[in-house]
2 protein chains.
Amino acid sequence: MSQGKKSPNESAPVTGRRRFLNTAALAGLSVGFVGCTDKTAASTSAAPAASGASHGEASSPHLKPGELDTYYGLWSGGHTGDLRVLGLPSGREILRIPCFVPDALVGWGITNESKKIMGTKPDGSLRYTVGDSHHVHASYKDGNYDGRYAWINDKINSRLARIRLDYFVCDKITELPNVQGFHGIFPDKRDPVDPAINYTTRVFCGSEFQIPLPNQGQGTDKTDQYRSMFTCVDAETMEVRWQVLIDGNCDLTATSYDGKLAATNQYNVENGARYEDMMSAERDACLFFNIARIEQAVKDGKFRTVGTSKVPVVDGTRANNADPKTALTAYVSVPKNPHGVNASPDGKYFICAGKLSPTGTVIELAKVLDWFDGKLEKIDQAIVAEVELGLGPLHTAFDGRGNGYTTLFLDSQVVKWNIEAAIKFHAGDKTAKYVLDRIDVQYQPGHVNASQSETVAADGKWLAVGCKFSKDRFLPVGPLHPENEQLIDISGEKMVLAGDHPVRGEPHDFIILKRELLRPKQVYALDDFPLAVKDPKESGVFRSGRKVTVKMTSLAPAFSLREFTVKKGDEVTLILTNLDKVEDLTHGFAIPKYNVNFIVNPLETASVTFIADQPGVFWCYCTHFCHALHLEMRTRMIVEA
Amino acid sequence: MSQGKKSPNESAPVTGRRRFLNTAALAGLSVGFVGCTDKTAASTSAAPAASGASHGEASSPHLKPGELDTYYGLWSGGHTGDLRVLGLPSGREILRIPCFVPDALVGWGITNESKKIMGTKPDGSLRYTVGDSHHVHASYKDGNYDGRYAWINDKINSRLARIRLDYFVCDKITELPNVQGFHGIFPDKRDPVDPAINYTTRVFCGSEFQIPLPNQGQGTDKTDQYRSMFTCVDAETMEVRWQVLIDGNCDLTATSYDGKLAATNQYNVENGARYEDMMSAERDACLFFNIARIEQAVKDGKFRTVGTSKVPVVDGTRANNADPKTALTAYVSVPKNPHGVNASPDGKYFICAGKLSPTGTVIELAKVLDWFDGKLEKIDQAIVAEVELGLGPLHTAFDGRGNGYTTLFLDSQVVKWNIEAAIKFHAGDKTAKYVLDRIDVQYQPGHVNASQSETVAADGKWLAVGCKFSKDRFLPVGPLHPENEQLIDISGEKMVLAGDHPVRGEPHDFIILKRELLRPKQVYALDDFPLAVKDPKESGVFRSGRKVTVKMTSLAPAFSLREFTVKKGDEVTLILTNLDKVEDLTHGFAIPKYNVNFIVNPLETASVTFIADQPGVFWCYCTHFCHALHLEMRTRMIVEA
């Protein structure tokens with residue numbers, strides 16, 4: 001429930017609790033806020049609990065049976081390593097798309113096709129089976145989602161995955177060289193030079209952890225020489241185009257609507273290797289990249305390579321980019337360990353949240369471009385507002401009506417504020433009331449996003465908040481609690497809490513799209529798969545020495561082979577095409593004791609390869625319910641001793 | 001919405017569509033019903049669509065933000081290999097418990113502790129990474145759930161997992177010998193002999209697929225000699241107690257409230273190896289096991305062993321159990337390929353659903369016991385009703401008021417029927433109206449269960465239906481559709497559809513418990529873990545030759561070691577204890593490029609072992625959001641070249 005009555009206007013500069021937090025204060029916080037014991041004390045605008053709040057029918061997220069949601073939500077799965085698709089406003093999870101981590105339902109990491117995408121070691125086993133997906137963003141055209149792709153990153157192993165938004169599957173994964181702690185991603189929204197390219201062709205990747213370059217065991221004690229990089233990946237080929245060596249690190253990433261700039265916030269300009277060091281400076285930075293200049297430098301051969309990587313690396317360090325006329329990068333100062341950088345849907349501003357500072361910093365894009373053009377004396381003059389919002393500001397979403405919604409981790413709130421009013425306030429008009437509303441959330445919020453917030457079509461209807469602790473909001477289920485993705489109605493003046501949605505850990509970030517922007521396909525085409533067995537008559541066992549290929553089709557309720565025989569020691573490749581073309585008619589294929597299971601959706605083909613090392617009869621069966629005779633849908637693999 | 005007006009009473013014996021289906025009819029169905037194109041034709045009681053049905057406040061499954069559910073649902077995850085915990089009536093998934101398949105969030109299959117439970121190959125890698133969990137049932141005391149354990153089975157690799165219901169974690173997994181296609185499970189509800197043992201001490205396991213015994217590559221062509229077994233596992237030790245060799249196969253499993261009998265329905269008494277053969281007989285069976293006699297036979301040494309297994313196997317085949325006075329088993333005939341056997345909460349009946357027959361068969365427990373006592377001439381006289389319910393009956397739930405709720409796969413309905421009325425009807429009283437209501441579901445339902453249905457405390461409030469196709473009920477997300485777990489209010493005379501809950505494939509079965517029956521613990525005790533690092537001062541790097549042990553603790557926002565150094569080639573065992581004891585304060589631990597990530601819940605200890613084969617600096621970081629300085633919570637692993 002909204003509780004704006006007591007809070008606005010914050011026109012009086014704020015008390016000590018809202019000043020920059022120093023190390024001592026944080027030591028106390030580390031005990032205090034995690035248990036939420038001093039939440040009331042930490043909040044300047046104490047408010048009634050939001051639970052049990054009533055709300056009007058207009059803001060109900062509940063659907064009647066059979067009603068469809070009006071928005072898609074694309075949710076990162078965190079260290080579950082997947083991308084999740086939610087329907088909103090219901091909050092119902094309708095799909096998990098495996099990316100970085102195997103998935104036993106699909107056979108992701110089991111089939112040859114998925115292993116090729118995931119990457120294998122020389123022995124054929126998976127290179128990685130863990131992941132830590134963080135941020136999800138989708139491809140753009142003319143500033144709105146075009147329904148082609150989404151991208152998601154893996155922080156642990158510095159991988160970028162692409163999702164096809166027609167079939168809702170991951171089709172490519174790229175591992176970035178020379179970096180660790182790959183955190184923020186954002187696609188560009190158009191080309192910085194060519195006006196005909198009004199859609200996404202690049203994905204920018206920011207990396208948090210500074211490391212020795214190259215990282216091969218030398219220079220490990222010289223932490224002051226550790227460095228990080230910013231990476232550009234081609235949206236179509238998914239190859240790494242270039243990297244920029246920088247000072248400090250990269251946390252989140254954002255891009256301008258005009259295609260000219262990418263940005264990343266930095267919480268460790270100190271290049272610290274200990275957390276006290278990482279928070280020693282009073283100001284860190286928002287770092288801007290001039291894309292056209294970087295690509296010209298690469299074209300001009302002004303790059304080097306690092307270690308065994310062949311990727312061109314240009315120099316974006318502070319000292320070597322002091323001249324605005326030639327600079328590839330611009331470091332705008334931002335208070336203490338900022339978290340989050342977001343581009344406003346009007347294309348004018350980048351907003352950084354202060355994390356350890358209670359402030360939001362508004363940076364005007366036009367002024368940053370002016371600096372690159374030599375028209376602005378100091379880059380920090382691009383800061384048009386720096387206003388107090390509350391304790392622990394992290395991320396900002398937008399409603400398309402000029403307002404930002406910023407999560408306050410320590411206050412456990414979302415604050416709604418008006419950007420133009422904040423700019424006026426910062427310029428000296430102390431009557432400008434920029435804080436419009438606050439709402440308690442349950443509990444400690446991280447990422448926030450609103451429907452269409454990251455597009456020119458921000459519609460200001462729903463706000464989702466990724467709360468990091470759920471504590472007492474759901475039935476207790478032992479030590480591991482679900483996260484709480486709360487939904488807030490932002491269509492009116494006041495924010496209204498609409499629902500609690502528990503999710504498996506740990507969604508970091510998400511986007512919310514109007515459903516009409518995606519055009520999914522429910523049935524594959526046989527020709528999508530080069531190995532397709534297009535007719536049951538092509539089924540059979542084909543031997544070439546010790547290599548055996550088994551070709552099979554499925555058509556409910558039977559596989560095309562009643563049995564097949566191989567010899568102990570054979571290398572068997574089994575290819576299965578599902579000839580059922582009815583929507584939703586998926587089959588599974590499991591081989592007991594052989595660690596094989598995968599599914600084939602309508603007209604999909606998948607294959608597995610294994611050594612037939614155990615003799616006997618193995619009943620392969622359909623694992624995905626398909627028919628009244630589903631249980632009877634089997635084939636026998638006979639492995640002769 | 002309920003549509004009972006046109007359907008009752010079915011007092012006139014039913015039309016041709018409700019007769020036993022033969023092979024020819026199924027050939028047509030295999031095309032027809034999957035697309036639901038002839039659903040209307042297949043349904044004798046055409047009814048308005050249920051979607052958009054209005055319902056009263058009493059039957060709303062919607063909770064206000066912060067409100068808690070009143071029931072736990074324990075849901076099988078199918079070929080996702082997990083057990084899921086839902087809150088009901090909201091249908092919200094609040095936990096996934098990894099069992100048979102690795103889980104990247106928890107580190108299940110990554111930590112040494114979880115690998116020990118899952119089972120490894122000689123090289124230390126996981127024995128299996130796929131699973132197909134089917135049925136979930138919980139431990140009993142005095143006929144109701146006692147909150148100690150749940151069990152879940154893996155069909156692919158014949159494994160039984162136990163879940164501790166205090167911490168909601170899997171603590172033991174047992175692989176059954178001599179069987180394939182382990183399908184049904186059910187715990188006993190008390191001891192058949194000792195009245196003091198009024199709680200669960202056994203878990204019964206039914207296996208579907210007949211195989212050569214032993215299955216080592218000989219006799220693979222003699223399909224008529226393939227056999228299946230029924231297995232008993234000790235509920236505490238999780239060791240296999242005994243097995244029973246049988247004719248036919250085992251599908252689902254049920255147990256009597258008096259502890260004396262276990263039952264399994266058989267869809268393949270033909271011992272067929274092809275699906276036409278599996279459905280050639282007009283009647284299959286419900287097979288009963290006399291537990292006390294079986295255990296006496298084992299005690300008397302009347303058993304053999306099979307292959308390398310040491311498990312006692314007694315003879316339960318039909319020919320060798322013809323004498324009721326000594327029989328270990330009793331084969332009650334049931335129409336054509338039954339699916340599902342369920343024990344009514346009054347303890348009196350077992351009900352089999354016909355699948356390929358439109359009937360439900362009611363078997364009276366007392367009469368089966370009479371047969372074993374020589375008081376009933378023919379075992380089929382234990383059948384007290386066999387009545388038509390609709391097309392494709394699969395499973396039956398109960399409301400504690402004498403009614404059964406049976407899913408009709410082909411009719412896409414749930415039918416509510418009165419058991420005593422059905423018995424009267426079967427006895428000749430054609431005025432007895434046993435069908436009370438029907439409701440359309442979306443679409444093709446499999447398992448069904450009602451709140452507390454499998455206990456003496458069946459309360460008849462909510463019914464959940466596992467629908468196998470969801471088609472148009474949710475936003476399209478490509479070829480793989482979610483399953484639709486529908487919720488129905490059964491508190492009144494008429495069933496009322498309350499909600500559609502999409503879930504990731506593929507829940508098979510589930511139970512619904514009153515929340516007060518579980519007593520979860522949210523924080524571990526340090527002493528739960530023998531390797532616990534109880535004080536940060538115990539942290540350090542301890543070397544023994546090439547084996548290195550790294551001991552560490554976590555306390556937000558820092559690990560106890562800022563860095564640690566090992567040498568390339570070392571075998572490193574890292575032990576991490578989370579000293580944060582605040583509820584919900586979980587930390588993660590990831591090592592880039594080393595394929596390591598796991599979590600430690602409050603006061604939990606976990607360990608990993610790996611070879612330090614890549615030199616360089618590797619920033620280990622907390623993957624589970626914990627604190628405002630979560631991003632800064634890192635330690636450096638330095639691997640010297």
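This is a predicted model, so every value here is computed, not measured. Naming: A, B, ... by sequence-line order, numbering from 1 per chain.
Judged by distance alone, the side chains of B:Glu583 and A:His481 do bring a donor and an acceptor atom under 3.5 Å apart. Side-chain N/O atoms of B:Asn337 and A:Glu632 include a donor and acceptor closer than 3.5 Å. A side-chain donor-acceptor contact under 3.5 Å links B:Tyr621 and A:Asp132.
The contact between B:Asp166 and chain A is made entirely by backbone atoms, counting heavy-atom distances below 4.5 Å. With a threshold of 4.5 angstrom between heavy atoms, B:Arg164 does not approach chain A through any atom at all. B:Leu603 does not touch chain A: none of its heavy atoms, backbone or side chain, sits under 4.5 Å away. If you measure heavy-atom distances from B:Val169 to chain A, you find no contacts under 4.5 Å at all. Both the backbone and the side chain of B:Val477 come within less than 4.5 Å of a heavy atom of chain A. Heavy atoms of B:Glu483 lying under 4.5 Å from chain A belong exclusively to its side chain.
Every ring-ring contact (aromatic ring centres under 6.0 Å, His included) that B:Phe598 has, sequence neighbours left out, goes to B:Phe589. A search for salt bridge (Lys or Arg N to Asp or Glu O under 4.0 Å) contacts involving B:Arg562 returns A:Glu276, not counting sequence neighbours.
A salt bridge does not link B:Asp221 to A:Arg636: none of the charged side-chain nitrogens sits closer than 4.0 Å to a carboxylate oxygen. Ion pairing between a basic and an acidic side chain is recognised when a charged N comes within 4.0 Å of a carboxylate O; B:Asp103 and A:Arg504 show such pairing.
Checked by atom type and distance alone, the side chain of B:Arg634 never pairs as donor or acceptor with a backbone atom of A:Tyr275 at under 3.5 Å.
A perpendicular orientation is assigned to the rings of B:Tyr226 and A:Trp619, their planes being inclined by more than 60° (bins at 30° and 60°).
Two rings, from A:Phe209 and B:Phe618, have their centers 6.0 Å or more apart.
In terms of non-hydrogen atom pairs under 4.5 Å with chain B, the most contact-rich of A:Ile97, A:Val130, A:Ile211 is A:Val130.
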